There are 2 protein chains.
Amino acid sequence: MNTEIQNTFRALADPTRRSILMHLSAKEMTIAEVSAHFDMTRAAVKKHLIILEEGELISARRMGRETLNRLEPEGLKTVANWVNYFSGFWNIKLQNLQSAIEEEGNSKK
Amino acid sequence: MNTEIQNTFRALADPTRRSILMHLSAKEMTIAEVSAHFDMTRAAVKKHLIILEEGELISARRMGRETLNRLEPEGLKTVANWVNYFSGFWNIKLQNLQSAIEEEGNSKK
DNA sequence: TCCATACAATACCAAATGGTATCATGTTAA
DNA sequence: TTAACATGATACCATTTGGTATTGTATGGA
């Protein structure tokens with residue numbers, strides 16, 4: 001099914017969620033830490049985190065009584081690939097993007 | 001204001017709209033032509049086209065009694081730039097994308 | 001043990017979204 | 001002129017979405 005790309009674009013459609021990704025790009029954060037940056041309840045932030053997880057843009061792992069949320073590249077790859085599809089109709093060279101993605105497995109942490 | 005990026009991501013969040021972009025990547029099309037590919041009314045397709053236009057992903061120009069819709073790169077640039085922001089957290093080299101975007105003005109049709 | 005902490009889950013609500021139906025407007029060809 | 005054509009605009013409806021409030025559950029320190 002093609003539901004993954006839908007989940008990713010859906011996740012990116014909300015400004016709060018894009019902002020969360022920016023925050024998580026600095027470091028892994030618990031739900032409470034993420035929530036501290038927004039004027040809404042933790043429950044609301046948690047919902048956004050779930051949608052980001054469904055879009056494969058973040059991952060969450062339980063550590064004791066905390067849950068650490070981390071930025072993940074899968075969803076971003078999906079978006080990059082999608083943009084790349086249009087490179088031929090766009091007079092900009094994006095081929096490098098495609099090849100960079102395919103090389104991902106070879107790079108080191 | 002930062003409403004442009006919101007309009008673009010909002011426009012991409014719907015599968016019908018992403019499909020419309022795929023169709024328009026083949027050629028400019030009237031509303032009727034676009035509608036022929038979908039099982040919904042022309043009015044519904046027209047609404048999608050307006051949202052795509054707000055996201056700077058297409059442009060529409062009236063030609064007599066027809067309206068031709070064409071793929072536009074502005075919104076795609078927005079998305080590409082956004083993805084590029086995360087390249088540093090992602091062990092893939094996307095710098096080429098950024099420079100390609102900045103060179104756009106120099107390329108020919 | 002026992003309580004404060006950090007999160008999970010659910011019910012509920014208002015607003016935005018995706019769709020149809022309907023009517024109005026400008027254009028082309030006879 | 002006039003009728004069919006292609007689109008534009010608006011009202012309306014069901015569903016989804018983004019949020020709060022509330023309640024439940026597991027963890028860790030005193």
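Below, chain A is the first sequence line, B the second, and so on; all start at residue 1. Excluded from the calculations below are hydrogen atoms, water molecules and symmetry mates; all remaining heavy atoms, backbone and side chain alike, are included. As the structure is a prediction and not an experimental result, all values here were calculated from the model.
- Taking all atoms of both residues into account, the shortest heavy-atom contact from A/Leu21 to A/Ile58 is CD2-CG2, 3.6 Å.
- For the pair B/Glu28 and B/Arg61, the salt-bridge criterion is met [side-chain N within less than 4.0 Å of a carboxylate O].
- Note on B/Lys27 versus B/Glu33: salt bridge recorded, some NZ/NE/NH1/NH2 to OD/OE distance being below 4.0 Å.
- Note: CD (A/Glu66) to P (C/dA6) measures 7 Å, nearest angstrom.
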For nucleotides 25-30 of chain D, list the nitrogen or oxygen atoms of the protein found under 3.5 Å from its nitrogen or oxygen atoms, one pair per line.
from	atom 1	to	atom 2	distance (Å)
D/dT27	O2	A/Arg65	NH1	3.3

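- An OP1 or OP2 oxygen of D/dA6 is reached within less than 4.0 angstrom by no side-chain nitrogen or oxygen of B/Thr30.
- C/dA9 atom P lies 13 Å from atom CG of A/Leu49, rounded to whole Å.
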I'd like a table of atom pairs between the protein and nucleotides 15-21 of chain D - only N or O on both sides, under 3.5 Å - with the distance next to each one.
from	atom 1	to	atom 2	distance (Å)
D/dT17	OP1	A/Arg10	NE	3.4
D/dG18	OP1	A/Asp14	OD1	3.4
D/dG18	OP1	A/Arg17	NH2	3.3
D/dG18	OP2	A/Arg17	NH1	3.3
D/dG19	OP2	A/His48	NE2	2.2
D/dG19	N7	A/Lys47	NZ	3.0
D/dG19	O6	A/Lys47	NZ	2.2
D/dT20	OP2	A/Thr41	N	2.9
D/dT20	OP2	A/Thr41	OG1	2.7

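- The minimum heavy-atom distance linking A/Phe86 with B/Leu76 is given by the pair CB-CD1, 3.8 Å.
- C/dG18 atom C1' lies 13 Å from atom CD1 of B/Ile50, rounded to whole Å.
- Atoms CZ (B/Arg61) and C1' (D/dT7) sit 16 Å apart, rounded to a whole Å.
- Note: B/His37 and B/His23 have parallel aromatic rings, judged against thresholds of 30 and 60 degrees for the angle between ring planes.
- If you measure from atom CD of A/Glu53 to atom P of C/dC7, you get 14 Å, rounded to the nearest angstrom.
- Shown here for B/Arg17 and B/Arg10, the closest heavy-atom pair between the two residues is NH2-O, 3.1 Å.
- Judged purely by distance below 3.5 Å, without hydrogens or angles, the side chains of B/Ser59 and B/Glu72 pair a donor atom with an acceptor atom.
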**OP:** Verify side chain to side chain contact (heavy atoms under 4.5 Å, CB included) between B/Met63 and B/Leu68, making sure each step is shown before the conclusion.
**Re:** CA-CA 7 Å; B/Met63 294 291 284; B/Leu68 280 173; 3.9 Å; yes
